[in-house]
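Step one of this worksheet: look at the structure below.
A note on names: the letters A, B, ... follow the listed sequences, proteins ahead of strands, and every chain is numbered from 1.
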Amino acid sequence: MELAVAPRVTLATATLRAAMTRLSEYLLPTEREPPADAEALSHKLMVRAGLVRQIGAGLWSWLPAGWRTHQRVVQIVREEMNAIGGQEMLMPVLHPADIWKRSGRYGFDEMFTLKDRKGADMVLAMTHEEIVTTHAAQVIRSYRDLPKILYHFQVKERDEPRPRAGVLRTREFIMKDSYSLDCDPEGLELSYEKHAVAYDRMLDRSGLEWYKVKADVGMMGGHGADEYMAPCAAGENDVVLAPGYAANIEVASADAQPVSLPPAPDAPEEVTTPGLTTVGQVATTLGVPSGALLKAFPVVLDDGSFVLVMVRGDHRVNEIKLRLALQCGFRAARADEIEQRLGPPGFIGPVGAQMRILLDQGVRTDGGGYVVGGNRPDIHLSGVVPGRDFNFETADVREVLAGDLVNGHAVRIEPAIEVGNIFKLGTRYSEPLGANFLTQSGVSEPIWMGSYGIGPARIAAAAIEQFADEQGISWPRSISPFDVHLVTLGKAGSEEREVSELLYEELIAAGLDTLYDDRDANPGEKFADAELLGVPLRVTVGRKALAAGEFEVQLRRGQEKASVAVDGAVAAIAELWRRLP
RNA sequence: CGGGGAGUGGCGCAGUCUGGUAGCGCACCCGGCUGGGGGCCGGGCGGCCGCAGGUUCAAAUCCUGUCUCCCCGACCA
């Protein structure tokens, strides 16, 4: 049996080729059962498929096959960063604490800190804004030195309160973080847009389903942020989606679904509600929808003043949106404070309240009476009309619900994992760290910065979450640890085995990354392992097909089977590979 | 940080209540059979039962302390 010499195919990942990948020699410790404590699908499958192993809470080692996937994602990210003019560098993980003290970001609970032998405070990198900015301060002198996009792939250390779901939320992980340095807001805008383009391409190339959503800037500070979300069951965030709209639920805004209100009488009426302290209880007892109630959420601002936040009974206050609306930090009022300022918790309301009242914009103010707490034990008021019975300011502070409307379309809400984010930092770091440059007119100004992160491990895990089936992982071809999983069914010395050896060499020569299952194992075990690992193409060399002059090929996704003629097999396999998702 | 659960061989577990010197399945090693969906037979290796202290003639088992891990929530630059 002779194999036709295949034309050499050029593949994007050609530079990553590794030589010997015979399963008989390869470290791929597959397990039949998932770890008992694993919950998330990707966690179970990554361990079962031999991709990763845990060494402590939120601390994971990448085994050879898992690392291949990680590195493939890294390479995609690198290529797209380079394509927008990014310059790859490397900054340390261990930092002098002083730099973080100067930027005002020292002492977070999530920050790992330590002392060196001289007793100097050190920190482990949570991110690298402080470090790049320090370098920029040292090195950037003039507008002629700008703009720049600098990036690296480096370990981040975060003492997460609760690591979870395998590789999805860890205390140590590799992130590609890039930083743009510009002269002015316009320059930053351009760098930000370049990153948006690069991120779109990275995620498309990685084969993921993903959304770009509007996001909270959080404690990064700055002027604007988008997040890249991969929908999956193990996701930690909820994204709100409608045609032409995508936002993190933390900042999402939509029109509330209407609720029918009873007509309001001329004045509020007292109703007795003994012991009824929840919206559900009151609504049921009074026979009105819970949306016809107003819920009071008293908060104490950082300046000590009280604000009574009111949302519809079927809505929830979104604390991030509330913080944005208040432009101020706050905490929920304590029971004793509520008692003192308003009335018994469970019966508080806006009528007669001597404080600022913030009414969510989902509340109708065009007539119709609401039920509110009466600020006295066992008393509610019905027929309350905002504006008539109490004064208020309006703000959008409620959490969006599935079915709410954006541009007339009902939104849906999906769990998703954040795989990347882009932030406009502005001068948040350049000012405190003195990263200034001289403008054309000789004036010293702070550099305008942006910061952009993406997590290869999360991309890998999200891909598993999105495409796995009963049998195991089903990789998108661009980030699969291998291109082809070659299974020989022949015993040592058989014809199948000899042909497999030749085919293996030819596949590699053709530029296809091939894992060769040359173990002396039963077919069932080989197939089960192949499906668990999830390489997109499986080529099987078996006696019957070989006698017919064919190899069997199975596409992992959908498990569709096909045959290729032994003559020209490599070219045919390469062609199949090219057409994979 | 609040709530819940768990630490026994590489993985999954039983044994703990009722103390007597550790067991099962898979994996692994050796030999043989089988050879298209985790197959079969025989023979083996491997664990100071998370750690420390205590009670006892005797502790995986009872007591005290401690460490670790997981899940839900809070948190999440």
Side-chain angles (χ1 to χ4, degrees), chain A residues 27-40 43-44 47-50 53-60 63 100 103-111 123 125-130 156-166 168-171 173 175 177 179 215-222 225 227 234-237 248 250 319-320 331-332 417-418 421-423 425 428-429 451-453 455 458 470-472 487-494 496-497 517 519-532 538 540-547 551-552 554 559 561:
Chain A
L27 181 65
L28 190 74
T30 56
E31 296 289 346
R32 195 178 292 211
E33 300 186 64
D37 49 28
E39 194 60 36
H43 181 186
K44 292 178 184 171
V47 174
R48 283 192 56 209
R53 280 290 158 108
Q54 184 173 21
I55 206 68
L59 301 171
W60 291 83
L63 303 186
W100 288 78
S103 72
R105 290 209 297 178
Y106 184 70
F108 293 100
D109 288 342
E110 285 75 24
M111 177 180 276
V123 315
M126 309 187 64
T127 173
H128 286 80
E129 277 82 9
E130 276 76 1
K156 302 289 178 277
E157 305 279 355
R158 297 181 186 176
D159 194 0
E160 291 288 348
R162 192 182 155 214
R164 58 180 291 273
L168 279 180
R169 184 161 207 91
T170 55
R171 294 196 292 176
F173 60 96
M175 179 161 109
D177 40 324
Y179 304 92
D216 179 36
V217 293
M219 297 192 67
M220 289 288 289
E227 287 170 340
E236 303 182 298
N237 297 97
N248 192 314
E250 292 175 347
E319 298 197 7
I320 292 171
R331 61 173 173 84
I417 185 75
E418 180 185 351
N421 55 49
I422 56 181
F423 284 101
L425 295 175
R428 162 68 182 84
Y429 298 95
S451 136
Y452 318 86
R458 282 189 172 182
E470 288 297 299
Q471 281 72 41
V487 173
T488 184
L489 298 182
K491 285 186 278 195
S494 65
E496 300 98 280
R497 188 62 76 116
D517 191 348
R519 295 173 303 173
D520 182 21
N522 285 305
E525 295 173 57
K526 294 190 174 189
F527 293 149
D529 274 348
E531 278 146 18
L532 179 58
R538 186 182 87 201
T540 307
V541 180
R543 187 150 38 97
K544 279 186 203 155
L546 192 57
F551 300 128
E552 183 184 298
Q554 178 171 278
Q559 288 175 254
K561 285 185 180 160

Base, sugar-phosphate or nothing for [X]? Non-hydrogen atoms, less than 4.0 Å.
{"X": "Arg458(A)", "answer": "nothing"}
{"X": "Arg158(A)", "answer": "sugar-phosphate"}
{"X": "Ala165(A)", "answer": "sugar-phosphate"}
{"X": "Asp520(A)", "answer": "base"}
{"X": "Ala521(A)", "answer": "base"}
{"X": "Pro34(A)", "answer": "sugar-phosphate"}
{"X": "Asp529(A)", "answer": "base"}
{"X": "Ala57(A)", "answer": "sugar-phosphate"}

Write down the partner of [N] under the Watson-Crick or G-U wobble criteria, each distance required to be under 3.5 Å.
{"N": "rC76(B)", "value": "none"}
{"N": "rC33(B)", "value": "rG39(B)"}
{"N": "rC62(B)", "value": "rG54(B)"}
{"N": "rC24(B)", "value": "rG12(B)"}
{"N": "rG47(B)", "value": "none"}

| query | Glu129(A) pairs by side-chain contact (heavy atoms from CB on, under 4.5 Å) with which of Phe423(A), Tyr429(A), Trp100(A)? | reply |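 It is Tyr429(A), the one option of Phe423(A), Tyr429(A), Trp100(A) that forms the side-chain contact (heavy atoms from CB on, under 4.5 Å) with Glu129(A).
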| Of Glu552(A) and Leu59(A), the one whose closest RNA chain B nucleotide lies more 5' | Glu552(A)
| Of Pro523(A) and Gly166(A), whose closest RNA chain B nucleotide lies nearer the 5' terminus? |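 That would be Pro523(A).
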| message | Contact between Leu59(A) and Arg171(A) at the side-chain level, heavy atoms closer than 4.5 Å - yes or no? | response |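 Heavy-atom side-chain distance check passes, below 4.5 Å.
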| request: Establish, with yes or no, whether the OP1 or OP2 oxygen of rC70(B) is under 4.0 angstrom from a side-chain nitrogen or oxygen of Gln54(A). | output: yes
To the nearest Å, give me how far apart [atom1] ([X]) and [atom2] ([N]) are.
{"X": "Arg519(A)", "N": "rG38(B)", "atom1": "CZ", "atom2": "P", "answer": "14 Å"}
{"X": "Leu27(A)", "N": "rA27(B)", "atom1": "CG", "atom2": "P", "answer": "19 Å"}
{"X": "Phe551(A)", "N": "rG36(B)", "atom1": "CZ", "atom2": "C1'", "answer": "16 Å"}
{"X": "Lys491(A)", "N": "rG35(B)", "atom1": "NZ", "atom2": "C1'", "answer": "6 Å"}
{"X": "Lys44(A)", "N": "rG12(B)", "atom1": "NZ", "atom2": "P", "answer": "13 Å"}
{"X": "Arg543(A)", "N": "rG37(B)", "atom1": "CZ", "atom2": "C1'", "answer": "16 Å"}
{"X": "Glu157(A)", "N": "rA77(B)", "atom1": "CD", "atom2": "P", "answer": "17 Å"}
{"X": "Lys526(A)", "N": "rG36(B)", "atom1": "NZ", "atom2": "C1'", "answer": "11 Å"}

Expressed in whole Å, how much space separates the [atom1] atoms belonging to [N] and [M]?
{"N": "rG23(B)", "M": "rG9(B)", "atom1": "P", "answer": "14 Å"}
{"N": "rG73(B)", "M": "rU21(B)", "atom1": "P", "answer": "45 Å"}
{"N": "rC57(B)", "M": "rG50(B)", "atom1": "P", "answer": "25 Å"}
{"N": "rG46(B)", "M": "rG10(B)", "atom1": "P", "answer": "13 Å"}
{"N": "rC76(B)", "M": "rG39(B)", "atom1": "C1'", "answer": "49 Å"}
{"N": "rU64(B)", "M": "rC24(B)", "atom1": "P", "answer": "33 Å"}
{"N": "rU16(B)", "M": "rC63(B)", "atom1": "P", "answer": "14 Å"}
{"N": "rA58(B)", "M": "rG65(B)", "atom1": "P", "answer": "23 Å"}

For the side chain of [X] and the base of [N], is some donor closer than 3.5 Å to an acceptor across the two?
{"X": "Glu31(A)", "N": "rG12(B)", "result": "no"}
{"X": "Arg538(A)", "N": "rG37(B)", "result": "yes"}
{"X": "Asn522(A)", "N": "rG38(B)", "result": "no"}
{"X": "Asp37(A)", "N": "rG12(B)", "result": "no"}

Does any N or O in the side chain of [X] come within less than 3.5 Å of the main-chain N or O of [Y], such that one atom is a donor and the other an acceptor?
{"X": "Arg497(A)", "Y": "Thr488(A)", "result": "no"}
{"X": "Arg158(A)", "Y": "Met126(A)", "result": "yes"}
{"X": "Glu160(A)", "Y": "Arg162(A)", "result": "no"}
{"X": "Tyr106(A)", "Y": "Val123(A)", "result": "no"}
{"X": "Lys526(A)", "Y": "Thr540(A)", "result": "no"}

| Going by an N to O cut-off under 4.0 Å, is there a salt bridge joining Lys156(A) and Glu110(A)? | no
Of the nucleotides [options], which has the atom closest to the [X] side chain?
{"X": "Arg171(A)", "options": "rG38(B), rC69(B), rA77(B)", "value": "rC69(B)"}
{"X": "Ala36(A)", "options": "rC75(B), rC13(B), rC26(B)", "value": "rC13(B)"}
{"X": "Glu525(A)", "options": "rG12(B), rG39(B), rC76(B)", "value": "rG39(B)"}
{"X": "Arg162(A)", "options": "rA77(B), rC71(B), rG38(B)", "value": "rC71(B)"}
{"X": "Arg164(A)", "options": "rC11(B), rG39(B), rC72(B)", "value": "rC72(B)"}

| Is atom CD1 of Ile55(A) surrounded by more than 12 heavy atoms (other residues, nucleotides or ligands) closer than 6.0 Å? | no
